[in-house]
Peer 1: 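What follows is a structure written as structure tokens; I'll ask about it next.
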Amino acid sequence: MVDREGAGGPSVNATVVARLVEALGPEEVAQVCAVFLVDARELVTAIQGAYESGDADSTAKHAHRLKSASGFLGAEGLSGLCADIERLARDGRLAELGPHVARLAGELEHVAAELVDLRR
């Protein structure tokens, strides 16, 4: 399980972003990041809604999508958090999801801030 609380480390692996910039170019990466942030915010809302309604399958599905997208951009903390949510939801352990789901929006905002800084 990935735990940012008290870790103080970066939310985004700068090496991953640098490799993406090298492969795709800075403008394309900036566009990918912008789309990611819009989609990620929607997925966080979907995860929260599915969790609150007790829908483990939808919680897992949305967490899986966010996990994959986060991993692609090097947002390792967010990706790990989503992996934990996906696993717990697939195992039907909704009672344990609360703290993880509660951390999602904050972790995404850390990622957003770091992506902006890394693109400068």
Side-chain angles (χ1 to χ4, degrees):
M1 176 172 85
V2 175
D3 185 5
R4 268 196 43 79
E5 291 179 352
S11 295
V12 178
N13 184 325
T15 302
V16 172
V17 175
R19 287 183 184 148
L20 286 172
V21 169
E22 185 177 306
L24 302 174
E27 290 151 9
E28 184 69 22
V29 172
Q31 185 175 3
V32 167
C33 289
V35 170
F36 165 78
L37 290 172
V38 169
D39 290 347
R41 287 184 175 107
E42 290 174 3
L43 285 168
V44 166
T45 299
I47 291 166
Q48 291 167 334
Y51 163 71
E52 290 169 5
S53 69
D55 186 345
D57 289 337
S58 289
T59 300
K61 178 184 80 170
H62 297 308
H64 178 81
R65 287 183 56 209
L66 185 53
K67 174 187 76 174
S68 298
S70 301
F72 175 77
L73 283 178
E76 296 166 352
L78 182 58
S79 183
L81 180 57
C82 289
D84 291 342
I85 292 169
E86 179 185 13
R87 179 180 40 78
L88 290 169
R90 291 208 190 285
D91 291 347
R93 296 165 50 193
L94 289 176
E96 298 173 46
L97 280 176
H100 301 285
V101 172
R103 290 178 31 220
L104 270 176
E107 183 62 27
L108 178 56
E109 291 315 309
H110 287 291
V111 168
E114 287 182 29
L115 286 175
V116 167
D117 287 345
L118 289 171
R119 291 188 331 230
R120 290 182 187 174

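Start at 1 with the first residue, then count along the sequence.
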Peer 1: Provide the closest heavy-atom pair for Asp55 versus Thr59 in the form atom of the first, atom of the second, distance.
Peer 2: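 It is O-OG1, 2.8 Å.
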Peer 1: Looking only at heavy atoms, what is the nearest atom pair of Lys67 and Ser79, with distance?
Peer 2: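 Residues Lys67 and Ser79, closest heavy atoms: O-OG, 3.1 Å.
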Peer 1: Using the rule given for side-chain contact (heavy atoms from CB on, under 4.5 Å), can you reason through Arg41 versus Glu109, listing the C-alpha separation, both sets of side-chain angles and the distance that settles it, and then say yes or no?
Peer 2: CA-CA 9 Å; Arg41 287 184 175 107; Glu109 291 315 309; 3.2 Å; yes
Peer 1: In this structure, would Val16 and Leu24 fall into the same cluster of hydrophobic residues linked by side-chain contacts under 4.5 Å?
Peer 2: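 Yes, one cluster joins them.
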Peer 1: State which residues pass side chain to side chain donor-acceptor pair (under 3.5 Å) with Asp57; sequence neighbours excluded, sorted by chain then number.
Peer 2: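 Asp57: no side chain to side chain donor-acceptor pair (under 3.5 Å) contacts found.
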Peer 1: State, to 0.1 Å, how close Ala60 and Glu86 come at their nearest heavy-atom pair, and which atoms those are.
Peer 2: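 In terms of heavy atoms, the two residues are closest at O-CG, 3.8 Å.
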Peer 1: Any side-chain heavy atom of Glu42 within less than 4.5 Å of one from Thr45?
Peer 2: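 Side-chain contact under 4.5 Å: no.
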Peer 1: What heavy-atom pair brings Val12 and Leu73 nearest, and what distance separates the two atoms?
Peer 2: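 Taking every non-hydrogen atom into account, CG1-O, 3.7 Å.
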Peer 1: Let me confirm one number: the CG-CG distance from Leu104 to Leu97, rounded to the nearest 0.5 Å.
Peer 2: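 Those atoms lie 9.5 Å apart.
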Peer 1: Once rounded to the nearest 0.5 Å, what's the spacing between atom CD of Glu114 and atom CG of Asn13?
Peer 2: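 It comes to 10.0 Å.
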Peer 1: Measure the NE2-CD1 distance between His62 and Ile47 for me, rounded to the nearest 0.5 Å.
Peer 2: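 Atom-to-atom, His62:NE2 and Ile47:CD1 are 7.5 Å apart.
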Peer 1: Roughly how far, to the nearest 0.5 Å, is NE2 of His100 from CG of Asp84?
Peer 2: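 Here the interatomic distance stands at 5.5 Å.
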Peer 1: Going through the distances and angles, do Ile85 and Leu66 end up as a side-chain contact (heavy atoms from CB on, under 4.5 Å)?
Peer 2: CA-CA 11 Å; Ile85 292 169; Leu66 185 53; over 6 Å; no
Peer 1: Would you say the side chain of Leu20 lies within less than 4.5 Å of the side chain of Phe72, judging by non-hydrogen atoms?
Peer 2: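 Side-chain contact under 4.5 Å: yes.
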Peer 1: Answer whether the closest heavy-atom distance between the side chains of Ser70 and Phe36 falls below 4.5 Å.
Peer 2: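 In short, these two side chains touch, coming nearer than 4.5 Å.
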Peer 1: Heavy atoms only: give me the nearest Leu88-Glu96 pair and the separation to one decimal.
Peer 2: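 Taking Leu88 first and Glu96 second, the nearest heavy atoms are CD2-OE1, 3.7 Å.
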Peer 1: Taking the side chain as every heavy atom from C-beta outward, state whether Glu27 and Gln31 have any pair of such atoms under 4.5 Å apart.
Peer 2: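 A side-chain contact under 4.5 Å is absent here.
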Peer 1: Write down the atom of Ser11, the atom of Glu107, and the distance for their closest heavy-atom approach.
Peer 2: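 Ser11 and Glu107 have their closest heavy atoms at OG-OE2, 3.2 Å.
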Peer 1: Measure the shortest side-chain to side-chain distance between Arg87 and Arg93 over non-hydrogen atoms and say whether it is less than 4.5 angstrom.
Peer 2: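 Yes - at least one pair of side-chain heavy atoms lies under 4.5 Å apart.
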